[in-house]
2 protein chains.
Amino acid sequence: MSQGNSGVSVTARQARACTVREALDRVGGKWSIGILIAASHGPIRFTELERQVAGISRRMLTLTLRNLERDGLLHRHVYPTVPPKVEYTATPMARELYESLVALTEWAERHRTAITAARAAYDREHAKVE
Amino acid sequence: MSQGNSGVSVTARQARACTVREALDRVGGKWSIGILIAASHGPIRFTELERQVAGISRRMLTLTLRNLERDGLLHRHVYPTVPPKVEYTATPMARELYESLVALTEWAERHRTAITAARAAYDREHAKVE
DNA sequence: CTGTATCCTTGAGGATACTG
DNA sequence: CAGTATCCTCAAGGATACAG
């Protein structure tokens, strides 16, 4: 964020905040990332997703899949067989997204302990007052 | 996400998903980014934040500030004057976070139109059925 | 000025029975 | 198998009056 922003207007800065939120909204759901990752190395079926993304409900799986498909992050292929067979695959756009998320992952790993410590300190500090 | 994952176990992949969510949780709130950006180029006061982060309610401003402070992303300095004066500043950790978010921003910009188009196509496709 | 307290609304998400 | 439909819960967030 380098102080160098001094010449940039307040509204321009908040516009950037908007762009960031735009990206986060596509990926901020509780299950989006898990699904995207599971679907990123080849086609994967509904039931298999249900197994790999631990804890997800059937409803949320369907909903999140629909949203990701709508945003063009997942491709859905239906085989007209009976019983039905449906495969989901991450699009190139989704793979790029994941690569962008790596920076964030590294940040989380780098500061994990610092954050835990900060929380502990904060809680300690504010428990005294009761 | 490069197919090269083939050798990586399913659980290892989902563990990565966890780390990503960890980072997103710190920044996923509706207002975190806006506040962080506003506080990232020097100390800023409560009222000034209320003005710059357009649309935020007083309650959410307070809550989000407390959370960010607790996680060690904001520093809060109180001047013992009357009326009170409080300044918030982004910590170095928060600035690093923003830099990690840049990749995400660029992704959003690069694919903005593609996503809009994908949505339009999807909606068109699914409106026909009614 | 910088909050806190209170009340309210909404939407995300969970559980699960049912269906083509 | 791959969903949809239904009902329910809870936490995020909004509005705003009040307080030190």
Side-chain angles (χ1 to χ4, degrees), chain A residues 17-18 21 24-36 38-39 42-71 74-89 122 125-127 129-130, chain B residues 14 17-18 21 24-36 38-39 43-71 74-89 122 125-127 129-130:
Chain A
C18 258
R21 292 236 82 271
L24 291 182
D25 285 344
R26 230 127 262 126
V27 119
K30 187 170 177 184
W31 304 107
S32 309
I33 299 284
I35 291 177
L36 245 20
I44 184 169
R45 299 182 61 174
F46 188 88
T47 310
E48 184 61 16
L49 275 169
E50 207 171 3
R51 260 193 302 271
Q52 286 195 23
V53 183
I56 194 170
S57 70
R58 189 155 301 187
R59 191 181 104 91
M60 285 316 293
L61 178 54
T62 305
L63 282 180
T64 311
L65 284 173
R66 293 293 169 274
N67 283 333
L68 293 175
E69 189 197 352
R70 187 167 108 100
D71 286 345
L74 279 187
H75 175 244
R76 178 169 179 267
H77 185 80
V78 183
Y79 295 87
T81 61
V82 37
K85 172 176 171 179
V86 180
E87 281 183 342
Y88 294 91
T89 322
Y122 183 95
E125 199 64 23
H126 291 71
V129 192
E130 192 61 27
Chain B
Q14 288 300 132
C18 256
R21 293 236 79 275
L24 292 182
D25 284 344
R26 230 125 262 127
V27 118
K30 188 170 179 183
W31 305 108
S32 309
I33 299 284
I35 291 177
L36 245 19
I44 185 170
R45 300 182 60 175
F46 188 88
T47 310
E48 184 60 18
L49 274 169
E50 208 171 3
R51 259 193 303 271
Q52 287 195 21
V53 182
I56 193 170
S57 70
R58 187 154 301 186
R59 191 181 104 91
M60 284 317 293
L61 178 53
T62 306
L63 282 181
T64 311
L65 285 173
R66 292 294 169 274
N67 282 333
L68 293 174
E69 189 197 350
R70 186 166 108 100
D71 286 345
L74 280 186
H75 176 244
R76 178 168 179 267
H77 185 81
V78 184
Y79 295 87
T81 61
V82 39
K85 172 176 171 181
V86 180
E87 280 181 344
Y88 294 91
T89 322
Y122 183 96
E125 198 65 23
H126 291 71
V129 193
E130 193 61 29

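- Inter-residue side-chain proximity for F46(B) and T62(B) is flagged as met; some heavy-atom pair is nearer than 4.5 Å.
- Scanning all heavy atoms of the two residues, the minimum distance from L49(B) to A38(B) falls at CD2-CB, 3.8 Å.
- Once you apply a 4.0 Å limit to the heavy atoms of chain A, the touched nucleotides of DNA chain D run 5' to 3' over dC1(D) to dT6(D).
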Could you go through nucleotides 16-20 of chain C and list every protein N or O atom that sits under 3.5 Å from one of its N or O atoms, giving the distance for each pair?
none

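- Judged as a side chain to side chain contact (heavy atoms under 4.5 Å, CB included), and not counting sequence neighbours, the contacts of K85(B) are R45(B), Y79(B), T81(B), E87(B).
- The interatomic distance linking L24(B) (CG) with dA12(C) (P) rounds to 17 Å, in whole Å.
- Residue Y88(A) is in sugar-phosphate contact alone, with no base atom involved, counting any heavy-atom pair closer than 4.0 Å across all strands shown.
- The main-chain N or O of G28(A) is found under 3.5 Å from a side-chain atom of R21(B) such that the two form a donor-acceptor pair.
- To the nearest 0.5 Å, the span separating CG on D25(A) from OG on S32(A) amounts to 10.0 Å.
- Helix bend of the helix from dC1(C)-dG20(D) to dG20(C)-dC1(D): the angle between its two end axes, each built from five pairs, comes to 40° after rounding to 10°.
- The CZ-C1' distance, from R76(B) to dC1(C), rounds to 12 Å in whole Å.
- The stretch residues 45-55 of chain B touches DNA chain C through R45(B), F46(B), T47(B), each having a heavy atom under 4.0 angstrom from the strand.
- Contact record, G34(B) with A17(A): CA-CB, 4.0 Å, taken as the closest heavy-atom pair.
- As a whole-Å value, the separation of H77(B) NE2 from dC1(C) C1' is 15 Å.
- Across all non-hydrogen atoms, the minimal contact from L68(A) to R26(A) is CD2-O, 4.1 Å.
- None of L36(A), I35(A), L74(A) except one satisfies the side chain to side chain contact (heavy atoms under 4.5 Å, CB included) rule with T64(A); the exception is I35(A).
- Each of V86(B) and L63(A) was assigned the nucleotide of DNA chain C with the nearest heavy atom; the assignment lying further toward the 5' end belongs to V86(B).
- For N67(A), there are no side chain to side chain contact (heavy atoms under 4.5 Å, CB included) partners two or more places apart in sequence or in a different chain.
- Put simply, CD1 on I56(B) is 13 Å from P on dG3(C), counting in whole angstrom units.
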Exercise answer: donor-acceptor pairs, residues 51-61 of chain B side-chain atoms, under 3.5 Å, sequence neighbours excluded:
from, atom 1, to, atom 2, distance (Å)
R51(B), NE, E48(B), OE1, 3.3
R51(B), NH2, E48(B), OE1, 2.7
Q52(B), NE2, E48(B), OE2, 3.1
S57(B), OG, M60(B), N, 3.2
R58(B), NE, E50(B), OE2, 3.0
R58(B), NH2, E50(B), OE1, 3.4
R58(B), NH2, E50(B), OE2, 3.1

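- Straight-line distance from the CG atom of L65(B) to the P atom of dC1(C): 16 Å, rounded to whole Å.
- For V78(B), the side chain to side chain contact (heavy atoms under 4.5 Å, CB included) partners at least two apart in sequence or on another chain are R76(B), V86(B).
- Note: NE2 (H126(A)) to P (dT4(C)) measures 9 Å, nearest angstrom.
- If you take CD on E69(A) and CD on E125(B), they are separated by 9.5 Å, rounding to the nearest 0.5 Å.
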